[in-house]
Amino acid sequence: MATAPKIETRAQRLALPPKARGEPYWRKVHSGLYLGYRRVLEGAGTWVGRRWDGKRYQEAPIGRADDVADGDGKAVFSFTQAQRAALA
């Protein structure tokens, strides 16, 4: 089983290489619920939530990651703030 990527801190996220076609790095939050981080070449990456609806995964954007600016929980999200948004 693969180890989950470390995306909790700004330094951990910025050390990750961008993936082909913008595929996120996924972390399990809860059964059927995942938090994804899309790394970009420059600037802040983005958070996305993914939830299993019983038939397929539904994805929804959360917002920018706090890679270059501190999270405010509205437009820019820390890892913890993004987790809360995914759970909501």
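Values below: every heavy atom of this structure, side chains too, minus hydrogens, waters and symmetry copies.
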A.B. asks: Is any side-chain heavy atom of I62 closer than 4.5 Å to one of L35?
C.D. replies: yes

A.B. asks: If every non-hydrogen atom of R38 is compared with every non-hydrogen atom of G22, which pair is closest and at what distance?
C.D. replies: NE-O, 2.7 Å

A.B. asks: Who are the side chain to side chain donor-acceptor pair (under 3.5 Å) partners of W52, not counting sequence neighbours?
C.D. replies: none

A.B. asks: Please give me the minimum heavy-atom distance between G71 and D66, naming the atom from each residue.
C.D. replies: N-CB, 3.6 Å

A.B. asks: What distance do D53 atom CG and Q58 atom CD have between them, rounded to the nearest 0.5 Å?
C.D. replies: 4.5 Å

A.B. asks: For residues L33 and V48: do they belong to one hydrophobic cluster (side chain heavy atoms under 4.5 Å, members Ile, Leu, Val, Met, Phe, Trp, Tyr)?
C.D. replies: no

A.B. asks: Kindly give the heavy-atom pair with the smallest separation between W26 and E59, and that separation in Å.
C.D. replies: CZ2-OE2, 3.7 Å

A.B. asks: Grab the two heavy atoms, one from K19 and one from Y25, that are nearest each other, plus how far apart they are.
C.D. replies: CE-CE2, 3.5 Å

A.B. asks: Sequence neighbours left out, what passes salt bridge (charged side-chain N to carboxylate O under 4.0 Å, His left out) with R50? Give chain and number order.
C.D. replies: none

A.B. asks: If I take atom CG from residue D67 and atom CZ from residue R13, how far apart are they, to the nearest 0.5 angstrom?
C.D. replies: 4.5 Å

A.B. asks: Compare every heavy atom of Q81 with every heavy atom of V76, then report the nearest pair and how far apart it is.
C.D. replies: O-OE1, 3.6 Å

A.B. asks: Given the rule in the side-chain contact (heavy atoms from CB on, under 4.5 Å) test, do E8 and R27 qualify, once you have shown the distances and angles that lead to the verdict?
C.D. replies: CA-CA 10 Å; E8 293 87 357; R27 286 292 304 271; 2.3 Å; yes

A.B. asks: Could you tell me whether R64 and D72 have a side-chain N and a carboxylate O separated by less than 4.0 Å?
C.D. replies: no

A.B. asks: Check for a donor-acceptor pair, side chain of R51 on one end and backbone N or O of A86 on the other, with a separation under 3.5 Å.
C.D. replies: yes

A.B. asks: Excluding sequence neighbours, so at least two apart, what forms ring-ring contact (aromatic ring centres under 6.0 Å, His included) with Y37?
C.D. replies: W47

A.B. asks: So does K6 have more than 12 non-hydrogen atoms from other groups sitting under 6.0 Å from NZ?
C.D. replies: no

A.B. asks: For a quick test of reading the model, state the closest non-hydrogen atom pair linking P18 to L41 and the distance between them.
C.D. replies: CG-CD2, 3.7 Å

A.B. asks: State, yes or no, whether a side-chain contact exists between D70 and R10 at a heavy-atom distance under 4.5 Å.
C.D. replies: yes

